[in-house]
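Values below: all heavy atoms of this structure, side chains included; hydrogens, waters and symmetry mates excluded. We name chains A, B, ... by the order of the sequence lines, and we start the count at 1 in each one.
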Amino acid sequence: MSQFWKPGTERPQHCLLDDEEGGVLFFSAPANSSSHGFSNLERQRQRLPVFKYRTAILYLVENHATTIIVGETGSGKTTQIPQYLKEAGWADGGRVIACTQPRRLAVQSVASRVAEEMGAKVGEEVGYTIRFEDKTVQGVTKIKFLTDGVLLREMMDDPLLTKYSVIIVDEAHERSISTDMLLGLLKKIQRRRPELRLVISSATIEAESMSIFFQTRKKNDVGAAEANGPKNLPSILSVEGKAYPVEIHYVQDPVSDYLQSAVDTVLLIHEKEPLGDVLVFLTGQDDIDAAVQLLVEEARVKTTKFSGLLVLPLYSGLPRSDQDLIFAQTPKGKRKVVISTNIAETSITLEGVVYVVDSGFSKQRYYNPISDIENLVVAPISKASAKQRAGRAGRVQPGKCFRLYTEDYFVKEMPAEGIPEMQRSNLVSSVIQLKALGIDNILGFDWLASPPSESMIRALEVLYSLGILDEDAKLTSPCGFQVAEIPLDPMISKMILAADILGCLEEMLTIAAVLSVQSIWTSVRGKNKGLDEVKLLFAAAEGDHVTHLNVYKGFLQSGKSSQWCYKNYINYHALKKVVDTREQLGRLVRRLGLVPKSCEGDTQTIRKAIIAGFFSHASQLEEYGQNGMYRTVRSSQEVYIHPSSVLFRVNPKWVVYHSLVSTDKHYMHNVIAIDPSWLIEAAPDFYQLRTLNPALF
DNA sequence: ATCTCAACG
């Protein structure tokens with residue numbers, strides 16, 4: 001409570017302009033547009049009191065630029081671009097303007113906003129496509145919003161994306177895997193389709209590097225380029241949004257416990273600052289639940305003054321009904337405090353936030369290609385994230401952001417940008433997608449930021465061992481091509497193809513769908529005796545996958561009843577998603593010519609099909625080791641069965657797991673008991689050189 | 001005897 005805040009300010013680098021107000025746009029024309037006398041990089045950085053936003057965009061698109069980078073700071077101004085382009089005739093003659101977003105929710109909300117502004121209905125002239133939902137009409141829809149994942153999928157049928165005249169990539173600075181892949185591919189398409197216009201919208205600080213990435217230079221032109229300055233450097237148009245100023249405060253001395261410090265800060269705000277909601281950024285569910293409890297207790301102890309606090313947690317795992325509370329209007333005279341993960345940084349926008357408390361940390365995924373394990377670790381955020389978090393305080397009025405780290409740390413130590421997702425993830429899915437698009441030289445692909453070569457090599461190895469790629473790293477036929485068509489992790493797709501051959505595809509579609517949702521059980525957290533008892537009703541001795549089948553069957557028999565789910569501690573929303581996913585997969589495999597059949601409860605066949613995809617995830621119980629300790633066959637890694645598994649404490653001698661979760665130990669999630677001879681049967685090459693001790697069979 | 005940021009097809 002004895003913190004002392006030192007105010008500081010953060011001023012945007014460029015000033016904003018709203019074109020209704022007229023005025024200046026920070027604007028750089030392409031290097032070869034002699035009409036404005038720009039011929040080198042330095043001179044591009046002039047301020048020109050020339051164009052309004054609309055005019056600038058149209059000028060660039062019509063006259064010079066194949067690629068335009070729009071640098072902005074969450075102003076939402078990108079959404080106007082498709083309208084401008086449509087008015088200017090870029091959607092005529094059967095052409096479509098595409099605009100991608102990294103999230104489904106963003107696609108939907110932007111589409112409805114734009115449709116409304118144009119006085120149209122969603123699904124007509126303005127439409128959108130996300131997974132499970134296509135609101136477009138061919139020949140009618142002129143402006144199409146879609147997730148970048150959908151656009152990547154569309155490339156598999158139409159590699160040059162010929163129906164689009166303009167492709168707008170929004171939020172490119174978020175650097176999601178799909179966005180990074182898309183940008184690399186669009187650069188390639190551009191070479192074959194010079195008439196295609198690209199508009200990349202990015203945070204201003206990343207605009208420059210985006211521009212350099214899209215710089216085109218003819219192969220034999222290197223010398224000339226150096227003599228004449230850069231060729232065809234994309235234009236940058238910088239638009240600053242109309243946000244309210246946010247006053248930044250830092251702690252004077254580093255804090256040792258950001259959780260306690262966050263709680264203290266909220267109390268301080270509540271005591272000293274005028275009413276207005278507070279948004280606190282912490283790292284995960286544990287932190288958040290603890291902080292909520294601390295705050296609620298404090299508020300109870302200090303009765304009168306603190307009774308006005310309304311403390312709410314926010315994270316993706318939260319049940320729907322609880323998430324809705326977040327959006328409810330704060331009652332008069334009360335102060336809402338939302339304690340959130342970084343879901344509130346980009347995905348969920350809360351209106352009415354005036355104060356932000358930023359712990360300076362978030363959970364981030366790190367992939368180790370050597371062990372093939374993805375870890376989730378608490379790590380310091382980047383300056384870009386810190387700026388984004390602070391911005392959340394200035395949406396409705398001037399706000400304040402309290403950073404639980406020192407100004408010195410922010411200036412000197414905090415990294416400018418985060419590590420792109422591409423560089424800290426398992427790449428099997430990305431690699432097969434590129435292969436399917438005919439990119440043979442994966443290692444030489446022109447990435448915005450290259451992933452570690454170890455990750456790419458590991459991905460190639462895994463795909464080879466699954467029989468998806470051959471010795472020349474080409475897609476095998478039919479297996480490789482079929483796997484590429486299925487929008488799932490290749491190991492799951494392989495399992496589905498094997499199930500078709502073994503005659504248990506019906507069951508496997510269900511299993512694949514269940515594995516694609518987080519958890520089908522409710523509130524796994526805390527001791528939940530009811531759940532444990534209910535689990536026994538569904539539990540199968542063969543393991544979790546077979547248990548999932550039992551749950552799904554029960555759900556169908558109940559008539560997809562939410563009541564039934566509630567009684568059985570099953571997550572109704574998750575199961576609805578399972579039904580959707582299963583239907584989509586069913587349509588997809590039929591299109592591939594497969595005919596789903598059931599094995600009528602032959603669980604051995606089901607397990608063999610699972611092993612066809614997951615043979616590399618085998619582990620063996622360490623007989624004389626610590627209780628319940630296993631070692632993976634591939635790397636002798638020490639692992640344990642996760643307590644949520646039905647095989648927890650059952651400890652079969654040999655198991656195959658779906659995934660590893662690494663916290664204090666490596667835990668195997670979703671486990672089945674197997675016979676080790678099935679491993680050799682499924683993957684003789686993979687196990688040839690590895691010693692499965694015959695004495696243990 | 002213990003539990004995962006969020007997001008995409």
Side-chain angles (χ1 to χ4, degrees), chain A residues 100-107 129-134 146-156 171 174-182 281-289 314-318 340-348 359 361-366 374-379 381 385 418 421 424-425 429-430 432-433 436 483-490 492-493 512-513 516-519 521-528 531-532 577 580-581 584-585 587-588 626-629 640-645 648-649 651 659-670:
Chain A
T100 77
Q101 295 283 343
R103 282 174 296 278
R104 295 160 52 96
L105 218 103
V107 168
T129 308
I130 56 183
R131 190 183 186 185
F132 301 127
E133 216 178 325
D134 183 7
L146 69 176
T147 53
D148 39 22
V150 170
L151 193 61
L152 280 174
R153 282 281 144 192
E154 287 188 1
M155 285 180 73
M156 292 187 50
E171 312 282 4
E174 286 188 24
R175 307 299 303 276
S176 73
I177 290 185
S178 337
T179 303
D180 270 17
M181 279 174 63
L182 191 61
F281 285 102
L282 294 181
T283 59
Q285 195 174 341
D286 276 339
D287 273 8
I288 291 167
D289 288 344
L314 174 61
Y315 40 83
S316 78
L318 212 61
S340 171
T341 61
N342 44 5
I343 192 172
E345 206 177 296
T346 49
S347 306
I348 289 179
S359 66
F361 290 95
S362 71
K363 281 201 179 171
Q364 291 159 37
R365 180 171 51 196
Y366 282 94
E374 280 183 343
N375 274 326
L376 213 52
V377 296
V378 173
I381 61 169
S385 284
E421 197 185 8
R424 37 185 187 86
S425 305
S429 293
S430 312
I432 192 167
Q433 230 170 341
V483 166
E485 286 286 324
I486 304 173
L488 296 171
D489 181 306
I492 295 187
S493 307
S516 75
V517 301
Q518 295 256 351
S519 172
W521 309 102
T522 53
S523 75
V524 196
R525 186 72 56 143
K527 31 187 183 269
N528 195 336
L531 175 61
D532 286 344
K577 211 181 142 208
D580 272 357
T581 310
Q584 189 203 20
L585 293 176
R587 282 195 300 274
L588 214 137
Q626 203 184 321
N627 232 0
M629 184 181 115
Y640 297 82
I641 293 180
H642 194 278
S644 67
S645 169
F648 180 63
R649 276 188 300 198
N651 295 336
S659 60
L660 278 184
V661 171
S662 306
T663 49
D664 57 327
K665 290 174 183 169
H666 295 302
Y667 287 102
M668 299 181 278
H669 243 203
N670 293 318

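Judged by closest nucleotide on DNA chain B, A:E421 is the one of A:E421 and A:D489 placed further toward the 5' end. Between A:I486 and A:T341, the residue whose closest nucleotide on DNA chain B is further toward the 5' end is A:T341.
For the atom pair CG of A:D180 and CD of A:E421, the computed distance is 8.5 Å after rounding to the nearest 0.5 Å.
Picking from B:dA6, B:dT4, B:dG9 the nucleotide with the shortest atom distance to the side chain of A:Y315 gives B:dA6. Side chain of A:R365, nearest nucleotide from B:dT4, B:dG9, B:dA6: B:dA6. When each of B:dA1, B:dT4, B:dG9 is scored by its nearest atom to the side-chain atoms of A:K363, the top-ranked nucleotide is B:dT4. Of the candidate nucleotides B:dT4, B:dA1, B:dA7, B:dA7 has the atom nearest to the side chain of A:I343. Minimum atom distance to the side chain of A:S316 is reached by B:dA6, of the listed B:dA6, B:dC3, B:dC8. Nearest nucleotide to the A:T147 side chain, out of B:dA7, B:dT4, B:dG9: B:dG9.
Atom P of nucleotide B:dC3 and atom NE2 of A:H666 are separated by 13 Å, given to the nearest angstrom. Distance A:R424 CZ to B:dA7 C1': 12 Å, rounded to the nearest Å. Note: NE2 (A:H642) to P (B:dT2) measures 11 Å, nearest angstrom. For the pair A:L376 CG and B:dC3 C1', the interatomic distance rounds to 12 Å; values are reported in whole Å. Here B:dC8 presents its P atom at 12 Å from CD of A:E133, a figure rounded to the nearest Å. In this structure, CG of A:D289 is placed 14 Å from P of B:dC3, rounded to the nearest angstrom. Note: NZ (A:K577) to C1' (B:dA6) measures 11 Å, nearest angstrom. Rounded to whole angstrom, the span from the CZ atom of A:R104 across to the P atom of B:dA7 amounts to 11 Å.
Under a 4.0 Å N-O distance rule, the pair A:E485/A:R153 does not qualify as a salt bridge. A salt bridge is absent between A:R424 and A:E374; no separation between the charged side-chain nitrogens and carboxylate oxygens falls under 4.0 Å.
Residue-level contact check: A:R153 touches the bases, meaning some heavy atom is under 4.0 Å from a base atom. Within 4.0 Å (heavy atoms only), A:V150 reaches sugar-phosphate atoms of the nucleic acid but no base atom. Contacts of A:E345 with the nucleic acid, taken as non-hydrogen atoms under 4.0 Å apart, are absent. A:Y667 comes within contact range of the sugar-phosphate backbone alone, with a heavy-atom separation under 4.0 Å but no base atom that close. Among the protein residues, A:I130 comes within range of the sugar-phosphate backbone only, with heavy atoms under 4.0 Å from sugar or phosphate atoms but none that close to a base. Residue A:S347 is in sugar-phosphate contact alone, with no base atom involved, counting any heavy-atom pair closer than 4.0 Å across all strands shown. As judged by a 4.0 angstrom heavy-atom cut-off over every strand, A:R649 is placed among the base-contacting residues.
Nearest approach of A:L660 to A:H666, heavy atoms of both residues: CD2-CB, 4.5 Å. When all heavy atoms of A:A513 and A:L585 are compared, the closest pair comes out as N-CD1, 4.4 Å.
The phosphate of B:dG9 has neither OP1 nor OP2 within less than 4.0 Å of any side-chain N or O from A:Q584.
More than 12 heavy-atom neighbours from other residues, nucleotides or ligands sit within 6.0 angstrom of CD on A:E133.
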